[in-house]
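In what follows, a structure is listed as structure tokens, so that the remarks can point back to it.
All values derive from a computational prediction rather than experimental measurement. As the structure lists them, so they are numbered: ligands from 1, and atoms in each ligand from 1. Throughout, numbering of the chain's residues begins at 1 and tracks the sequence.
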Amino acid sequence: MSEGVERESMEYDVVIVGAGPSGLAAAIRLKQLAEAAGSEISVAVIEKGSEVGAHILSGAVIDPIALTELLPDWKELGAPLETPVTEDKFLLLGPQGSVTLPMFAMPGFMHNHGNYIASLGNVCRWLAQQAEAAGVEIYPGMAASEAVFDADGRLKGVVAGVFGINKDGEPGPDYQPGIELHGKYVFIGEGVRGSLAKQLKAKFGLSEKSQPEKYGIGLKELWQVPDAVFKPGLVQHTTGWPLDNNTGGGSFLYHFGDNYVAVGFVVHLNYKNPWLSPFDEFQRFKHHPEVAKHLQGGRRISYGARAISEGGLQSIPKMHFPGGVLLGDSAGLVNVPRIKGSHNAMKSGMLAAEAAFAAIQAGRAGDELVEYGEAFERSWVRKELNIVRNAKPMLSKYGTAVGGALGIFEMWTTSLTGGFSFFGTLKHGKSDAASTGLAKDYEPIVYPKPDGVLSFDKLSSVFLSNTNHDENQPAHLKLKDPAVPISENLPKYGEPARLYCPAGVYEVLYDEAGQNPKFQINFQNCVHCKTCDIKDPSQNINWTTPQGGDGPNYPNM
Ligand SMILES: Cc1cc2nc3c(=O)[nH]c(=O)nc-3n(C[C@H](O)[C@H](O)[C@H](O)COP(=O)(O)OP(=O)(O)OC[C@H]3O[C@@H](n4cnc5c(N)ncnc54)[C@H](O)[C@@H]3O)c2cc1C
Ligand code: SF4
């Protein structure tokens with residue numbers, strides 16, 4: 001905390017951290033409500049990306065249910081959801097072959113007809129235009145780096161826009177102390193593993209009654225392919241190879257827009273083998289004939305990675321606390337079997353907006369928006385998450401084959417009975433960090449070399465994420481104890497940060513004699529996926545915000 005620093009402050013009715021679907025939907029709803037009531041409401045949205053969308057990475061097949069509630073005329077308004085799903089496939093992959101699972105075996109909510117394939121980054125850019133047209137103030141390139149509390153310990157705002165701190169942590173010649181943005185209510189829509197959300201959950205004990213949060217890492221590439229292989233509207237999901245039965249995950253592949261194929265791979269972060277590299281699993285996955293044929297003759301134009309919330313209903317923390325609320329993925333609202341969270345994120349933003357607007361109209365400020373929690377309990381988001389609540393614990397407990405089959409049976413049962421399950425509500429067990437096994441108990445994995453056509457190395461991949469961090473600032477990846485990577489993680493786990501980080505940020509370097517290992521953090525490469533904050537087995541890495549505007553610059557992910 002930067003105590004003693006003098007800063008100017010700006011007052012708003014509502015301050016929203018994060019211009020993702022949750023934050024932007026909240027902002028638009030607040031303005032709609034004010035207009036309908038003939039009153040005013042001031043709303044500021046803070047975004048750490050250099051522009052709205054720069055840090056957004058998603059699939060994305062979008063269920064338009066929330067968008068239709070928010071802006072029923074989204075088609076006329078030109079929302080970039082231009083590719084309706086036309087074909088929906090689910091494959092179980094083996095090393096060479098595959099088995100197609102018939103879609104009729106899946107409950108209806110797993111089908112994708114009626115959904116749209118899009119770049120979520122572009123959807124957010126468009127939502128930001130709608131918000132600005134309604135009078136919302138959006139500040140991209142500003143990281144909310146600290147929470148600000150009032151004398152009673154209630155969240156009253158955030159510090160944003162601190163620039164120019166030198167590598168040594170001292171103010172440099174271009175130092176700007178930032179400003180405090182105060183709100184009657186502060187919405188935290190930072191997405192998965194938000195850095196402020198993490199602090200607020202700890203301060204207010206928000207996760208005390210919920211299961212550990214669970215996550216996956218999602219890696220994605222955007223390709224542009226020739227007409228001969230382009231099948232607009234095709235959605236393909238896979239499970240199985242190259243992951244073994246005890247390592248959860250799967251892939252997505254979507255044809256959309258201007259001859260684009262979005263191809264992505266998710267590995268559940270409760271994997272045990274510390275030698276596993278999600279990046280290299282993704283690269284070899286693309287060589288499977290059922291994947292390679294979709295990329296043939298194409299060109300990779302973008303790369304990135306982002307963690308994805310997988311805890312579901314059991315892991316949702318308390319979503320409100322004095323002065324603020326958690327939205328979207330900051331509360332873990334992703335429906336894992338559907339690999340969809342953007343519609344739930346938007347709806348949560350709308351529900352929070354409705355609760356905050358009513359409270360502000362009633363003259364309240366800085367208290368707990370319990371009405372938001374109550375509205376969430378009654379919402380279709382909760383119903384949807386309730387139906388799939390056991391899918392992820394089943395995969396973790398019984399493996400991909402048995403757990404997957406049980407999961408389908410379970411989802412039929414819950415969807416036909418409105419939520420009843422023979423299994424009750426299963427627990428998740430250990431955190432993802434604690435699930436990591438010891439290096440001595442596993443064989444190191446030798447990954448094939450990339451061929452430069454379908455598969456690539458990490459550094460040329462990070463190049464395509466347009467990631468940039470001012471080098472003259474302190475590393476935003478903070479080690480609680482700098483000795484731990486070499487003294488604990490290396491002997492016990494082979495220092496898995498080298499492997500799980502999708503951007504080559506962490507390295508263990510040796511001297512010429514192969515001795516004296518040294519841990520190096522190339523923070524400039526960080527794509528803000530948050531995996532290290534989640535998976536480090538010693539929980540020694542704390543992801544904090546770098547200077548605003550730094551990080552990836554995804555064009556259309
Ligand atoms: C690989 C992958 C595939 C997915 N596929 C799909 C799919 O096909 N369909 C679907 O519906 N969902 C999908 N999802 C999930 C979906 O992307 C999320 O549920 C959704 O983006 C959550 O929205 P959000 O607003 O909560 O957070 P986000 O979309 O993550 O947005 C958060 C924003 O807050 C900003 N931010 C964070 N911290 C700060 C800070 N301290 N200061 C300022 N700004 C900050 C970030 O830069 C970001 O712009 C996928 C996710 C992944 C990772
Ligand atoms: S340093 Fe951490 S947050 Fe950054 S890319 Fe690597 S794993 Fe992701």
Residue [X] vicinity, atoms of ligand 2 by number, heavy atom under 4.0 Å:
X: Y506; result: 1 (S)
X: C526; result: 1 (S), 3 (S), 4 (Fe), 5 (S)
X: L477; result: 1 (S)
X: K530; result: 3 (S), 8 (Fe)
X: W543; result: 3 (S)
X: V505; result: 1 (S), 6 (Fe)

Yes or no: does [X] have any heavy atom under 4.0 Å from an atom of ligand 1?
X: M346; value: no
X: G189; value: yes
X: I62; value: no
X: A307; value: yes

Heavy-atom nearest neighbour in the protein, as seen from [atom], with distance rounded to 0.1 Å:
atom: atom 42 (N) of ligand 1; answer: A144 N, 2.9 Å
atom: atom 6 (Fe) of ligand 2; answer: C501 SG, 2.4 Å
atom: atom 25 (O) of ligand 1; answer: S22 OG, 2.7 Å
atom: atom 5 (S) of ligand 2; answer: V527 N, 3.4 Å
atom: atom 9 (N) of ligand 1; answer: V61 O, 2.8 Å
atom: atom 48 (C) of ligand 1; answer: E47 OE1, 3.5 Å
atom: atom 6 (C) of ligand 1; answer: I339 O, 3.1 Å

Donor on one side chain, acceptor on other, [X] and [Y], under 3.5 Å:
X: N489; Y: D536; result: yes
X: S251; Y: T238; result: yes
X: E488; Y: Y493; result: no
X: Q32; Y: E354; result: no

Under 6.0 Å between ring centres, would you say that holds for Y254 and H237?
-> yes
With V505, which of V527, I541, I521 fulfils side chain to side chain contact (heavy atoms under 4.5 Å, CB included)?
->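 The option that passes is I521.
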Please confirm whether K203 makes a cation-pi placement over F149, using NZ or CZ under 6.0 Å from the six-membered ring centre and within 45° of the ring normal.
-> yes
Any cation-pi pair here, K535 with Y271, using under 6.0 Å and within 45°?
->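 Yes, K535 and Y271 form such a contact.
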Please test K48 against E190 for salt bridge (Lys or Arg N to Asp or Glu O under 4.0 Å), starting from the C-alpha separation and ending with a verdict.
-> CA-CA 9 Å; K48 68 179 164 63; E190 293 178 296; over 6 Å; no
Heavy atom to [atom], shortest distance: which of [options] holds it?
atom: atom 10 (C) of ligand 1; options: A147, G341, G18, A60; result: G341
atom: atom 50 (C) of ligand 1; options: S58, G328, G332; result: S58
atom: atom 23 (O) of ligand 1; options: G20, C529, P21; result: P21
atom: atom 43 (C) of ligand 1; options: K48, M557, H55, R193; result: K48

Which atoms of ligand 1 are found less than 4.0 Å from any heavy atom of [X]?
X: T545; result: 41 (N)
X: V334; result: 19 (O)
X: I46; result: 43 (C), 44 (N)
X: L120; result: 17 (O), 21 (O)

Quick one: pull up CD1 in I62 and CG in L81 and give me the separation to the nearest 0.5 Å.
->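 Result: 5.0 Å between the selected atoms.
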Would you please test K340 and D63 for salt bridge (Lys or Arg N to Asp or Glu O under 4.0 Å) and show each step?
-> CA-CA 8 Å; K340 286 184 187 60; D63 180 338; over 6 Å; no
Is atom 4 (Fe) of ligand 2 under 2.8 Å from any N, O or S atom of C529?
->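 Checking C529: none of its N, O or S atoms is under 2.8 Å.
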Give a yes or no on whether K167 atom NZ has more than 12 heavy-atom contacts from other residues, nucleotides or ligands under 6.0 Å away.
->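 Atom NZ in K167 is packed in, count exceeds 12.
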Heavy-atom count around K75 NZ within 6.0 Å, excluding the residue itself: above 12?
-> no
Which bit of N344 gets closer than 4.0 Å to ligand 1, counting heavy atoms only: side chain, backbone, both or neither?
->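 For N344, there is no contact with ligand 1 at all, from either part.
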Is there an N/O/S atom in C532 at a distance below 2.8 Å from atom 2 (Fe) of ligand 2?
-> yes
